[in-house]
Amino acid sequence: MKNISINIIGASTGSYPAGITPLEISESVKEIPKNVVICKVDDVLTDLNEPLDKDATIQFLDAKSKDGHSVLLHSTAHLMAQAVKRLFPKTKVTIGPYLDNKFYYDFDVETPFSEEDLSSIEKEMHKISKENLEIIHEVKSRKDAISLFKKMKESYKVEIINDLEKSEVLKVYSQGEFTDLCRGPHVPSTGTIKHFKLLSSSAAYWRGDENNQTLQRVYGTSFPSEKDLKKYLTMLEEQKKRDHRKIGKELDLYFHDEEVGPGLPLWTPNGAVIIDELEALAKEKEDASGYKRVRTPHLTKGALYEKSGHLEHYTTSMYPAMDVDGLDYYIKPMNCPHHHKIYANRPKSYRDLPYRLSEYGTCYRYEKSGELFGLMRVRSMQMNDAHIYCTEDQFKEEFIGVCKLYMEYFKIFGIEKYEMRLGLHDPKGLGKKYINNPKLWKKTEEDVRNALKDAGLKFVESVGDAAFYGPKIDVQVWSAIGKEFSLATNQVDFAVPERFNLTYTDGDGSSKTPLCIHRAPLGTHERFIGFLIEHFGGDFPLWLAPKQVSILPVSDKYNAYADQVCSELKKQGVRAEVDNRSEKIGAKIRDAELQKINIMLIVGEKEVDGKVVTVRRRFVKEQETLSLDKFSNGIRKEINERSVTN
RNA sequence: GCCUGCGUAGCUCAGUAGGUAGAGCACUUCCUUGGUAAGGAAGAGGUCACCGGUUCAAUCCCGGUCGUAGGCUCCA
């Protein structure tokens with residue numbers, strides 16, 4: 001028998017008989033850990049039991065590696081499908097991919113899974129894991145594969161095969177009695193999969209299309225060790241604790257009312273404080289960057305949205321027209337057309353550019369009822385909106401200027417992880433989803449890409465995620481505990497300035513069309529504050545906190561002094577209040593803690609006598625007794641600096 | 001919009017195998033004046049989401065509506 005030379009990464013090169021499997025090699029070589037789940041043969045992920053027939057470089061991976069974990073998740077999805085088929089034999093399987101730290105499998109079942117079903121499926125999975133079935137695959141011809149899955153009555157698999165490219169190699173994986181069409185690769189046996197948990201079940205459409213059959217999707221997760229699994233589940237718990245809907249209610253920041261309507265949040269005084277602080281920040285930054293503030297109405301005649309293209313490309317997200325004096329009026333979904341109008345109101349010279357208009361404009365979008373989600377997805381929103389009109393020469397600098405503004409904001413909010421996602425158009429959607437001007441699309445996309453590259457900003461590209469009028473940058477950010485949010489956006493509009501006949505007179509007297517950049521670094525108040533609540537877990541930094549200082553008199557003998565302290569602080573713009581209830585100091589402290597008030601000032605006999613305050617800060621063990629002046633100067637400074645620590 | 005849960009006091013939740021409801025916290029009043037995470041007592045608070053049906057009787061069963069939760073984005 002022929003020998004082949006195998007170079008093992010992390011171990012030595014060896015000679016092996018052709019036909020040996022990576023699994024056999026891993027068992028014979030000491031340096032290879034016993035917990036490998038998959039390998040890369042010449043950089044291609046490959047099953048451990050796939051025989052090797054030629055010289056190769058091979059890398060063994062355990063489930064802690066990124067690829068290894070993905071394979072483990074994918075194999076767990078199959079394990080789950082096998083359990084489902086055992087318990088519910090009439091089930092038809094569809095697809096079961098892995099995601100980040102999760103997997104799912106979609107099933108066509110007669111009755112949706114209940115909680116109890118999930119736990120019995122999980123139980124069965126553990127049983128199959130103990131059976132330690134070998135996971136093997138074979139390559140099938142298209143004809144054989146179709147007849148196999150037809151015989152198994154797995155019609156979705158047949159459909160999948162029929163839709164695959166002719167060149168695709170069809171693999172059929174088996175573990176015990178369970179057989180599935182799958183590209184693989186997989187872990188070598190079901191015994192490899194031990195530490196998993198089913199998370200939830202819900203509905204999903206076949207191929208994500210609402211016209212198709214409703215399937216039951218079961219989500220689950222799987223890890224190489226019980227410890228890793230626990231850690232992940234704890235993280236999910238932590239995310240739940242920080243849910244902005246929960247904390248928003250606890251801290252009385254906003255609410256929804258049935259009589260007002262879904263997706264139409266009402267901001268309470270506490271929440272409105274945060275809004276005011278964000279607007280003050282935006283105004284400060286925008287003033288410094290040469291923006292001019294404008295105000296525009298919420299209602300507009302339909303003709304404007306015909307011109308802008310909204311009626312053609314965006315109607316499904318707009319509230320239907322209302323009849324006013326026999327004309328169609330719409331409530332605005334975006335501020336751009338109004339800003340364009342302001343630009344066009346007076347003739348512009350190249351000297352006026354870049355012309356930057358900003359507005360915390362209130363917009364209304366008709367989001368499908370099932371898509372509404374706390375503050376994250378709403379129907380009424382206030383955007384940190386602005387439009388920059390500039391020449392082609394100015395474009396790069398302006399665009400990068402906006403990106404740099406993002407960074408400034410991220411620093412202020414302590415956002416450490418973020419990613420820019422460049423949304424490009426999909427040529428298939430030209431004329432439908434996107435304005436039909438292929439040349440301009442190409443050019444603008446290239447300009448944006450170059451601007452980002454020249455500025456040294458990292459980004460990923462995503463085809464099909466452009467706005468209807470141009471490419472855009474969406475900024476993903478991660479909260480302090482690693483939950484991902486899509487907050488800000490920065491978009492190029494190459495089409496609309498022309499539609500609005502926006503021009504400027506250039507130095508040579510000719511009339512030219514400016515480019516327009518839409519930007520909203522702080523997104524909407526709704527989503528941004530939703531993010532901030534989860535990012536800070538409700539423990540807002542002092543400058544953002546709805547309640548900054550609570551003054552707690554030890555008994556009501558000291559209420560007058562407390563009032564005096566309070567009004568002094570209020571004079572200095574500090575959000576202070578006195579807890580003058582007839583309660584013990586311990587109870588007052590407890591309540592202030594629960595309300596996550598940043599600073600408590602304890603005042604009793606000692607403080608009244610010395611004209612001082614005793615400062616008790618959240619998260620700070622040591623207390624300080626200070627003169628009121630010293631205290632207020634200190635926190636005034638902290639507030640002005642917008643310090644992120646609290 | 002679609003699928004499946006869920007909807008009881010301001011909040012968190014019990015409860016009723018069909019006979020119109022209960023706790024804790026919060027609130028009001030009184031007592032207490034207490035130095036670092038809950039002092040005590042009393043009181044008030046509900047068309048059991050809404051509309052309809054079955055029934056002698058519905059918060060409970062049935063249907064509809066509204067709201068809400070998990071999804072419907074990652075595609076063998």
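What you are looking at is a predicted structure, and each value in this text was computed from that prediction instead of being measured. Chain A is the first sequence line, chain B the second, and so forth, proteins listed ahead of strands; every chain is numbered from 1.
- Rounded to an integer number of Å, the gap from A:Arg377 CZ to B:U68 C1' is 17 Å.
- Donor-acceptor pairing under 3.5 Å is recorded for the side chains of A:Lys92 and A:Ser155.
- Rounded to whole Å, the separation between the P atoms of B:C3 and B:C60 comes to 23 Å.
- Checking A:Glu250 against A:Gln595 by side-chain atom types alone, no donor-acceptor pair falls below 3.5 Å.
- Counting to the nearest Å, the C1' atom of B:G5 and the CZ atom of A:Phe113 are 16 Å from each other.
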Generate the contact string for nucleotides 34-48 of chain B. Rules: B means base contact, S means sugar-phosphate contact only, - means no protein heavy atom under 4.0 Å.
BBBBBB---------
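- Using atom P as the reference point in both B:A41 and B:C25, the two lie 10 Å apart (nearest Å).
- If you take CG of A:Leu375 and P of B:U68, they are 12 Å apart, rounded to a whole angstrom.
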RNA chain B in dot-bracket, Watson-Crick or G-U pairs under 3.5 Å, [ ] crossing, | other strand?
(((((((..((((.....[..)))).(((((.......))))).....(((((..]....))))))))))))....
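- For the C1' atom pair drawn from B:U59 and B:G18, the interatomic distance equals 10 Å after rounding to whole Å.
- Aromatic pair A:Tyr173/A:His186: centroids less than 6.0 angstrom apart.
- For an aromatic pair to be called close, the ring centres must be under 6.0 Å apart, and A:Phe223 with A:Tyr232 satisfies this.
- Between A:Phe531 and A:Phe485, the two ring planes are perpendicular [angle over 60°; tilted spans 30° to 60°].
- Rounded to whole Å, the P atom of B:A58 lies 14 Å from the corresponding atom of B:C50.
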For nucleotides 70-76 of chain B, give me one character per nucleotide, 5' to 3': B if any protein heavy atom sits under 4.0 Å from the base, S if the only such contacts are to the sugar-phosphate, - if neither.
BBBSBBB
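- Comparing the P positions of B:A76 and B:A69 gives a spacing of 31 Å, expressed to the nearest Å.
- Annotation: side-chain hydrogen bond (donor to acceptor under 3.5 Å, both in side chains) contacts involving residues 553-564 of chain A, sequence neighbours excluded, are absent.
- In this structure, A:Leu251 atom CG and B:C11 atom C1' are separated by 13 Å, rounded to whole Å.
- Taking atom P on both nucleotides, B:A38 is separated from B:G43 by 26 Å, rounded to a whole Å.
- Atom P of nucleotide B:A26 and atom CD of A:Glu250 are separated by 15 Å, given to the nearest angstrom.
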Step by step, work out the side-chain contact (heavy atoms from CB on, under 4.5 Å) result for A:Glu115 and A:Ser120.
CA-CA 9 Å; A:Glu115 287 278 320; A:Ser120 52; over 6 Å; no
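- Taking atom C1' in both B:C6 and B:C48, one finds a spacing of 14 Å when rounded to whole Å.
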Assess the residue pair A:Lys588 and A:Arg581 against the criterion (side-chain contact (heavy atoms from CB on, under 4.5 Å)); give the C-alpha distance rounded to whole Å, side-chain angles, the decisive distance to 0.1 Å, and a yes or no.
CA-CA 8 Å; A:Lys588 292 182 184 181; A:Arg581 293 172 307 159; 4.2 Å; yes
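- For the pair A:Asn212 CG and B:G1 C1', the computed distance is 15 Å after rounding to whole Å.
- The interatomic distance linking A:Phe255 (CZ) with B:A49 (P) rounds to 20 Å, in whole Å.
- Between A:Lys249 and B:U12, a side-chain N or O to OP1/OP2 separation shorter than 4.0 Å is present.
- Side-chain contact annotation: A:Ser189 with A:Glu134, donor-acceptor N/O pair under 3.5 Å absent.
- Applying the side-chain contact (heavy atoms from CB on, under 4.5 Å) criterion to A:Ser582, with sequence neighbours excluded, gives no partner residue.
- No donor-acceptor contact under 3.5 angstrom links the side chains of A:Asp67 and A:Ser70, judged on distance only.
- A:Asp106 places its CG atom 17 Å from the P atom of B:C3, with the value rounded to the nearest Å.
- The same atom, P, is picked in B:U20 and in B:A57; the two are 14 Å apart, to the nearest Å.
- Residues satisfying the side chain to side chain donor-acceptor pair (under 3.5 Å) test with A:His244, not counting sequence neighbours, are A:Glu534.
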